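A quick write-up on the structure given underneath.
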Amino acid sequence: MATGTEPPATEDRPPGAGVHAPSRAAIRAPHLRTDRWWLAPAATAAGLLAFVVYSTWRAFANADYYAAPYVSPFYSPCLAENCEPMRSGPNWELFGTWWGISPAIIILIFPLGFRLTCYYYRKAYYRGFWASPPACAVAEPHKKYTGETRFPLILQNVHRYFFYAALLVALILTYDTVLAFRDEHYAWGHMGLGSLVFLANIVLIWAYTLSCHSCRHIVGGKLKHFSRHPVRYRMWQFVGKLNARHMQLAWASLVSVALADFYVYLVASGAFDDPRFF
């Protein structure tokens, strides 16, 4: 029985796969959506591109990343000898004098790898940059789709290991936040505007990190009976609630880490004086 979607025998259809394959429905329009479906991927691409440009500038600047007691999250921990000395700070001189470029390049690979392989960010940049696909019910322009079965996308499978690294980075940033409750002379019991900026950032960093799909699987995966593991079940429920807000937390933490770095830049460069509350 004819369905009205069979391609006419005389129709000259373009060769290749995808929506133009001979076995697909003979719909001439690339899609039937009439809404502004392109706004979401365009906004996503613009947001991610803005962060990439900003973080690249700050990572290679190698300056204005420490103003006691604040250290930029892009430069923590500082693993090279060319780091600025930070009293009681994350100075771990694992790389010797041979490392001549910005020390931020060493550490940024771990949070960057975590976000690049994150399930939400995959969706974000797949749609925003690769158009794979750009939106629901909108065909992708690629003739062939191999998913994450070939290089380089097969490397997405290392997400769990980047999650472990992200936990370590979050712990270090927590330590930096504790140190932020000092004054410029390293005396404890003080709080400035920067202290609150760092506190808000670390809360969002932890919320985003723990909302990760890998975290949800680690705390509650491979369990046949939740009743026999009540602690892990409660942890799984908690992570599940965070996971439902994974997209919002991903963007909020991305903005907060950039703002924390920018705040340190303003104070370190002398463009802004950190207000002290007590």
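FYI, side chains are in, hydrogens and waters are out, and symmetry mates aren't considered; it's all heavy atoms of this structure. Everything quoted here is computed from the prediction, not taken from an experiment.
Contacts of Asp273 classified as salt bridge (Lys or Arg N to Asp or Glu O under 4.0 Å), with partners at least two apart in sequence or in another chain: none.
Relative to the six-membered ring of Tyr119, Arg122 meets both conditions, a distance below 6.0 Å and an angle of at most 45° to the axis.
Looking at Leu94 and Trp99, their side chains never come closer than 4.5 Å, going by heavy atoms from C-beta outward. Side-chain contact between His217 and His213 is absent, with no heavy atoms from C-beta onward closer than 4.5 Å. Counting heavy atoms from C-beta on, the side chains of Tyr121 and Leu48 come closer than 4.5 Å. Counting only heavy atoms from C-beta outward, the side chains of Pro90 and Asp176 approach each other to under 4.5 Å. With a 4.5 Å cut-off on side-chain heavy atoms, Pro69 and His190 do not count as touching. Here the side chains of Leu168 and Phe110 are not in contact, with every heavy-atom distance at 4.5 Å or above. Under the 4.5 Å side-chain criterion, counting only non-hydrogen atoms from C-beta, Tyr70 is not in contact with Val197. At a threshold of 4.5 Å between non-hydrogen side-chain atoms, the residues Phe129 and Thr44 do not count as touching.
A distance-only check finds no donor-acceptor pair linking the side chain of Thr209 to the backbone of Trp206 [under 3.5 Å]. Of the possible polar contacts, none joining the Arg228 side chain to the Leu223 backbone as a donor-acceptor pair under 3.5 Å is found. A donor-acceptor pair under 3.5 Å links the side-chain atoms of Arg58 to the main chain of Ala63, judged by distance alone. Remark: side-chain polar atoms of Ser195 are paired, donor with acceptor, to backbone N or O of Gly192 under 3.5 angstrom. A side-chain donor-acceptor contact under 3.5 Å links Asn201 to the backbone of Val257.
Less than 6.0 angstrom separates the ring centroid of Trp130 from the ring centroid of Tyr125. Checked against a 6.0 Å centroid threshold, the rings of Tyr263 and Phe272 count as neighbours.
The aromatic rings of His159 and Phe114 sit parallel, their planes meeting at an angle under 30°, below the 60° perpendicular limit. Classification of the Tyr75-Tyr65 ring pair by plane angle, with boundaries at 30° and 60°, yields parallel. Classified by interplanar angle (parallel below 30°, tilted 30° to 60°, perpendicular above 60°), the ring pair Tyr233/Trp236 is parallel.
Enclosure of atom CZ in Phe262 is not indicated, since only 12 or fewer non-hydrogen atoms of other residues, nucleotides or ligands lie within 6.0 angstrom.
Taken together, Cys118 and Cys212 fail the criterion of an SG-SG distance shorter than 2.5 Å.
Here the options are Lys241, His246, Arg245, the test is side-chain hydrogen bond (donor to acceptor under 3.5 Å, both in side chains), and the partner is Ser211; only His246 passes.
Between Tyr66 atom OH and Glu84 atom CD the span is 9.0 Å, to the nearest 0.5 Å.
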With side-chain contact (heavy atoms from CB on, under 4.5 Å) as the criterion, how do Arg182 and Ser88 come out once you've worked through the C-alpha distance, each side chain's angles and the decisive distance to 0.1 Å?
CA-CA 11 Å; Arg182 304 179 298 174; Ser88 301; 3.8 Å; yes

